*Asks:* 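Below are the structure tokens for one structure; questions will follow.
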Amino acid sequence: MVSQRTLNQRLGHNLRKLRMQKGFMQIDLAVAADTDRSYISRVETGQARATFRLLYRLVKALEVTSADLIDDYAISFAKEEFLKGGGES
């Protein structure tokens, strides 16, 4: 089973990669996504969980699809958690 920490790290890696490809500094992305730079940093390093609301704002700010940000690995984990009743409401 995949751990939540691994999922957070994977998402953080994807976020950092996309942010850098777009030429954004963390502060630029934070402003565009209406959040704190420190929160962006914690998500990128896997130290914080991104909320659905933040993921939505990140996708819009980066002008990417949710699939670009949340890869197949993360989707598989979410499905596994949901199917065993561990999903959040």
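Model, not experiment: these values are computed from the prediction.
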*Asks:* Output the distance between atom CZ (Phe24) and atom CG (Leu18), rounded to the nearest 0.5 Å.
*Replies:* 11.0 Å

*Asks:* Only counting residues at least two apart or in another chain, list the ones meeting side-chain contact (heavy atoms from CB on, under 4.5 Å) with Ala30.
*Replies:* Thr35, Arg37, Ile40

*Asks:* Rounded to the nearest 0.5 Å, what separation is found between the CD1 atom of Ile70 and the CG atom of Leu7?
*Replies:* 8.5 Å

*Asks:* With rounding to the nearest 0.5 Å, note down the distance linking CZ in Arg10 to CG in Asn14.
*Replies:* 6.5 Å

*Asks:* Using the test side chain to side chain donor-acceptor pair (under 3.5 Å), find all partners of Asp36 that sit at least two apart in sequence or belong to another chain.
*Replies:* none

*Asks:* Please round to the nearest 0.5 Å and tell me the distance separating atom CG of Asn8 and atom CG of Leu15.
*Replies:* 12.0 Å

*Asks:* When rounded to the nearest 0.5 angstrom, what is the spacing between CG in Leu29 and CG in Asp34?
*Replies:* 11.5 Å

*Asks:* I need the Leu54 CG to Leu58 CG distance, nearest 0.5 Å.
*Replies:* 4.0 Å

*Asks:* How would you list all residue pairs meeting salt bridge (Lys or Arg N to Asp or Glu O under 4.0 Å) that involve residues 17-29, not counting sequence neighbours?
*Replies:* Arg19-Glu44

*Asks:* I'd like to check the side chain to side chain donor-acceptor pair (under 3.5 Å) partners of Arg53; sequence neighbours left out, ordered by chain and number.
*Replies:* none

*Asks:* State which residues pass salt bridge (charged side-chain N to carboxylate O under 4.0 Å, His left out) with Arg16; sequence neighbours excluded, sorted by chain then number.
*Replies:* none

*Asks:* Would you name the heavy atoms of Leu55 and Ala50 that are closest together and state the gap between them?
*Replies:* CD2-CB, 3.7 Å

*Asks:* Apply side-chain contact (heavy atoms from CB on, under 4.5 Å) to Arg42 and list each qualifying residue two or more places apart in sequence or on a separate chain.
*Replies:* Ser38, Tyr39, Gln47, Ala48

*Asks:* Return the minimal non-hydrogen interatomic distance between Ala61 and Ala33, and the atom names on each side.
*Replies:* CB-N, 4.2 Å

